[in-house]
Each structure stands twice: as C-alpha cells, then as structure tokens.
Amino acid sequence: MARPFTPKVVTANALLEGDAIWFTENGDWSRDMADAELITDEAHGDICLLEAQADQSAVAGVYLADAKAGAHGPEPVHFRETFRTRGPSNYVHGKQEA
Amino acid sequence: MYVYNDFDENFVRNRVAQFRGQVERRIDGSLTEDEFKPLRLMNGLYLQLHAYMLRVAVPYGTLNSAQMDKLAYIADKWDKGYGHFTTRQNIQYNWPELRDVPDMLSALADVSMHAIQTSGNTIRNVTADHFAGAAADEIEDPRPTAELLRQWSTDHPEFQFLPRKFKIAVTGAEADRAVTRAHDIGLRMVRNDAGEAGYEVIIGGGLGRTPMVGKVLRDFLPRADLLPYCEAIVSVYNLLGRRDNKYKARIKITVHENGLEKIQDLVEARFEQIRPNFGGVDQQMLAQIEQAFAAPAFVTKSTDGYEAARLANPALRSWSDTNLSDHKADGYAVVSISIKKHGATPGDATSDQMRVMADLARQFGHDELRISHEQNVILPHVHKSDLPAVYAALRAADLATANIGLVSDIIACPGMDYCALATARSIPVAQEIATRFDELKLEHEVGPLKIKISGCINACGHHHVGHIGILGLDRAGVENYQITLGGDGTETTTIGERAGPGFGAEDIVPAIERLVLGYLNLRETADETFLQAYRRLGADPFIAILYPEKAAKNAA
C-alpha cells in the first residue's frame, strides 16, 4: 500500500544569498515559512514543485519538505527544517539575527 | 614556502575570470541551477542549509602571514568576521553571497590561494603533516611532494570526473600526524636500506560509510617515480571504480572488491606504460619546489629567559606543557594554538584572531603558519626565548587555551548547524563536552584523549579514528548519537568499535562524562592513556560504564 500523503511545503534557497525560502500560494517566494502554502494534496504538491522549479532566476535547490499547520501558518515537522527557519545554534546568525 | 610562478598565477586568475562569467550567466538566467552547480562545485562553492559556503584550500596546511591576513580580510569584507578551519586543512566561509564569490576568489589569488578542486569528484586538496619542516621526528619535509602533487592534480584533464572524490595525504615523519592510512592514497616518506629517498604507498583507506584502513601497495617507491605511479593508481581507479553506486565508488571499495593483488598488477602495468612520458621534467620541478621550502635560518640564542618565565608563571607553564612540541632545531619549539576554547566552536577563528596569529608568525615565527587536520593553528618555528611574548599575545586574543590533545581539543564537523548532508548537529555536542570538562577541571588529569564528532556517516569529523568517536544520526526524526571506542588515526590506525545503542541529545554529554570518569578508575597508572587502557582491557568494561542499567541486569 502506498504511504498516505503528509502535508508539505515547497522550499528552496534564494539564489543570491542562499537564504532559506518558501513557496507561497501566490506563486512567489517568502523568507518566512509561515507565509508558505501548506500543500495537503499530492497531485497539487507535484504541480507546485514544478511551478517552483520553473522559477530558475531567483532560486536554487527546490524540494518538498514535510510541514504541519500552526497558529500563524505552516511549521516544520523535522528538526532539519526547524533549523532552516532560524539559523545555526552556535552563533546568532541567519534568520534569527534579524 | 612555495610562491606562485607566472604559470600558476595566470592559471588561477583565468579560472577566477571564468567563474566570474559563470556567476554572471547564472544570475542573468542564461545558466540553470543544474548547469551551474557542477561549475560552482569545481570552484569550492557549496549551497548549504542557510547560505552558500566557500571552501578554500590551504595546500598541505601551510600559510604565510600575508595569506592569513587575507583570510581575515575576506572574513570581514564578505562574510561574518570569522572562518572555520576543517579536518582537510581547508578554511570554510559560511555566509558568502553568490555575487561576491568571484571577488573573494580574486582576493585569494592575490596571495597564491584558490578554491579549485575543493569539491567534486576530483583530486582534492593534498594534505600533510602539520608539523612539516619542524618536527623533531621528521625524516623529510613532505611539503615539496605535496606541492608537486598539487600542481600535477590541478585541472589534470584525465581526472576531472573520477568515480568519486580522491584524497591524498603525505607525511615525512615517524609519527603519522596526517592520518595517511585513512586516505585514498597515503604517502609515507621513507628511506630504503641503501639510504635512498622514496615513499611507502598506501591505498584504499577511508572513513565514511565503510571505514577501511589503507593497505600498502608498494613498500618502497623511488622518489623519481612518484608522479607516474600516482597517475597509474588514479588512472586504474578511474576505469575500474564503480559509477553505478556512489556509496561504492571510492577507491577503498575498488580495492576491497577487486583485491589488492589485482590492483597492484593493473597499477604496475599502467605505470610501466606511462612512466616514459614523464621524462624527468617532474623531477626538475620538484628540485625547484624543494628550494622554495628550504628551512628558515634558525638562530642560536639563550633560552634562560623562557625557563625563568615558565617557573614564575603557572599559566604559561601549563600552556607550554600541553601546546608545545619538539622542534628539530635547538632552542626552538612547535607551538600549537588551540582554536578550541572551552565552549567555542571547534576550528573557528575570528578575523581579529587570524590577524594576531599572522602577526605572531611575522614577528616570532619565520612567517610560517600551519592548519592542522585537528582544526588548530600551528606556529611551526618559534624560538623558546620568544615563547613568553607569544603566549602573552595569544592570551590577549583569547587564543591561549592549554588543551592540545586533551578532552576538549575535539574535532567536530559543522554538522547540521550548516551542512546540507548532516543528519544531526555536532558543534553543540562538542561545545557542551568541552564546557563540562572545564567545569570538572579534570582534563589535565585525564591526559591525552581524542574525541571526534561527525554529524553524519560521511565522517568529516573522523569519528572512526577518535579514541572516543561520536556519530550524530537521525533516528525517527530525533537527533541520536552513537559512540565508537578505541579508534586511532596515527601510524597504528584502528577503526573504532561501536559501543552499543545511541544516546539522545540530552544523554550524550553525561554518557561521555561517565565514560571518561570511569576510565580514571580503570587505568593502572596515571600514565596509562584512555587508548592504552582500552587496548589492555577491551571494550567490555567501557561498555558497562556506558550502559550501567544493562550491566546491572547482566550481573543480576
């Protein structure tokens, strides 16, 4: 049996800075995961991924990551994705710096 | 040390110009990411979790003060004011912006440095003993050999698309400080019974997913045959190495699957075939390179002032007991500068610290610095009479931690704080272990102990050869740390054995504390090191300490 689809977001890194970014419902990119579109349907997820990958001018390394609904928008499920929303743990650098 | 000639300079400048064009074409959309990625990797530029990372080679770990100053300048101008020294004698900048990278490479070219072949399936930065040219136990300086290999391997047309990356290390000393048995090719400079210089050639060593200790392919290779022989090895591997499965693509697997004998036959046959093509020009180049590495003009002067300062200052005494090594010249010492202050990130130096180290090299160190695979910085040639001044300057720059070779001198890869391949974090574990042992004030009593931490199975943190190795994994979405015991990265290379089930992030530091304190009860004398005690007693008593509940159950 195929595994049930778990909610996801489309994420990537910004081409110029390399900063983590997420694909929104409007078809653009946000530096804040809470703005991302939470994808609950597999077929829609595939379309979003293709759409996001087509945007070669501003992004690199597009992929689907597991996510869950939170109070202010999608939140990470896996710790790797949590780190991407804030930055490294040894210095206050990256997103947590702002 | 070696300074670029016109050929080197033009080559590196041309490569920077080429990459500048490639970056521009990526930004204007002419190149897709798939097209650009191999080009950026060839120039050391990775994309990580939070940003790009530029990996710059420090060839065989040798730097002069102008180069170190330039690394500081780059850190300030285009990064966040620091750099991370790695286990392969590279420096990594964690926050460059894509548009700035060509300028960073151009700045590096100003001081004979580059990031070429610090990534990709090519021959990587050739590493060497970090005490090269200085160590009392040295037979010969390995750096001319390493520089010859750098020139030969850089942009070698046959070896730009190997089955997998390829790492070479060289040592010229009795003690192996370059982990040569864990490299694709390890070269030990030796002399035969007739007193002729040559190499013991070791192949197929490596850590990672399938750790293996290298095997001796040739016990004595005459010096003049180095390049054709290495070319024969890589050429055989290039054709025979597996390209169907990246986890089986390293030469260690090629050797394992085909057997050493078959590899030997193929290499010897290829060697005979290509040897005439070399025609001695490589040896002429080596002779020129050797001149560039002539030993500095060591001076003879009194060390009385140092002895008096040592007696008068306990902090200097403690630092000199741990951070100095024997030098080949009378009155000199090799100074290891720890960039492992308790609680700090192993291998990180701020731009200010880099400038202090560069100044010390200029003033007191014959203008030489080294980066060790253990992520520290070395001043290889310091006269003992200058040590009090060097120590005072290091102390003022927060660089005088007296912990070389001790519990807190931990190797740690960047782990999931930066690396896109990591499965768990390494840096916080290293920080916490060092902080805890500083609180306990026990590390000098514990003595020599190498803890090495990797944040994934690729083993950049060399955990397999740590006396205590820690491997960070993702177990069902949670960070989990496996311990290996009894590893050794020296001339008696041994792969550590897994102790048992892994520990959660909250339990790993207490487990290490338990293990180290337990060792103190197990050792026969204060001189028996952790590794010696482990070798004498075997794994069982250490495993019992790590898993007390299981031990109690077994005893019941």
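Chain identifiers are assigned alphabetically (A, B, ...) following the order of the sequence lines, protein sequences preceding nucleic acid strands; residue numbering begins at 1 within each chain.
Of the two parts of Tyr52(B), the backbone and the side chain both hold a non-hydrogen atom closer than 4.5 Å to a non-hydrogen atom of chain A. If you measure heavy-atom distances from Tyr82(B) to chain A, the contacts under 4.5 Å come from the side chain alone. Neither the backbone nor the side chain of Val101(B) comes within less than 4.5 Å of any heavy atom in chain A. Contact annotation for Ala420(B): both backbone and side-chain heavy atoms come within less than 4.5 Å of a heavy atom of chain A. Both the backbone and the side chain of Asp19(A) come within contact range of chain B, judged by heavy atoms closer than 4.5 Å. For Gln48(B), the part sitting under 4.5 Å from any heavy atom of chain A is the backbone (N, CA, C, O) and nothing else. In this structure, chain B has no heavy atom under 4.5 Å from any part of Val77(A). Contacts between Ala14(A) and chain B at a heavy-atom distance below 4.5 Å involve the backbone alone (N, CA, C, O). Only the backbone of Pro96(B) comes within less than 4.5 Å of a heavy atom in chain A; its side chain stays farther off. Proximity to chain A is limited to the side chain of Leu47(B), based on heavy atoms less than 4.5 angstrom apart. Neither the backbone nor the side chain of Glu81(A) has a heavy atom closer than 4.5 Å to any heavy atom of chain B. For Leu49(B), the parts lying under 4.5 angstrom from a heavy atom of chain A are both the backbone and the side chain.
Atom NE2 of His50(B) sits about 10.0 Å away from atom NZ of Lys95(A), to the nearest 0.5 Å. A distance of 11.5 Å separates OG of Ser57(A) from CD of Glu33(B), quoted to the nearest 0.5 Å.
Counted within 6.0 Å of NZ on Lys37(B), heavy atoms from surrounding residues, nucleotides or ligands total 12 or fewer; the atom is thus considered open. More than 12 heavy-atom neighbours from other residues, nucleotides or ligands sit within 6.0 angstrom of CZ on Phe5(A). Summarising the local packing, OH of Tyr91(A) is surrounded by more than 12 heavy atoms from other residues, nucleotides or ligands at distances under 6.0 Å. Atom NZ of Lys80(B) has more than 12 heavy atoms from other residues, nucleotides or ligands within 6.0 Å. In Arg31(A), the CZ atom is crowded: over 12 heavy atoms of neighbouring residues, nucleotides or ligands sit closer than 6.0 Å.
At a threshold of 4.5 Å between non-hydrogen side-chain atoms, the residues Asn90(A) and Tyr418(B) count as touching. The closest side-chain heavy-atom distance from Asp474(B) to Phe79(A) is below 4.5 Å. Between Gln56(A) and Arg26(B), the closest side-chain pair of non-hydrogen atoms falls below 4.5 Å.
Closest non-hydrogen pair, Ser89(A) versus Asp417(B), comes out as OG-OD1, 2.5 Å.
Note: Pro88(A) leads Gly94(A), Gly18(A), Pro88(A) in heavy-atom pairs under 4.5 Å with chain B. Contact tally against chain A (heavy-atom pairs below 4.5 Å) for Gln431(B), Glu479(B), Glu97(B): the top residue is Glu479(B).
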### Task
Assess whether side-chain contact (heavy atoms from CB on, under 4.5 Å) is satisfied between Arg425(B) and Phe83(A), documenting all intermediate values.
CA-CA 10 Å; Arg425(B) 288 174 295 180; Phe83(A) 299 155; 3.3 Å; yes
